[in-house]
Amino acid sequence: MSTVTKQVIDLMEILPESEQNFALEFIKKLVLAWDPDFTKVTPSERVELEKAMEEIKNGETVSHEAINWD
């Protein structure tokens with residue numbers, strides 16, 4: 001979690017609950033304005049995706065058969 005995200009959470013927790021709901025709806029609108037289809041990724045998500053793709057490329061995955069699904 002980024003420092004900015006932690007700061008936003010800390011600030012929101014100071015607000016009364018009714019104002020927290022208003023702030024949450026405002027943040028949702030900001031995100032939708034930035035990416036209406038939720039197709040963009042954050043920098044940290046990009047790093048994780050690139051790492052996963054490299055692991056797949058190198059065969060560093062676990063097969064479904066190797067997992068105990070019970």
Straight-line distance of Gln20 CD to Ile14 CD1, nearest 0.5 Å: 10.0 Å

From CG (Leu49) to CE (Met53), nearest 0.5 Å: 8.5 Å

Heavy-atom closest pair, residues Arg46 and Val41: NH2-CG2, 3.4 Å

Closest non-hydrogen atom pair between Met12 and Ile27, with its separation: SD-CD1, 3.8 Å

State plainly whether the residues Glu54 and Lys51 are in salt-bridge range, i.e. N to O under 4.0 Å. no

Tell me, please, which residues at least two apart from Trp69 pass ring-ring contact (aromatic ring centres under 6.0 Å, His included). His64

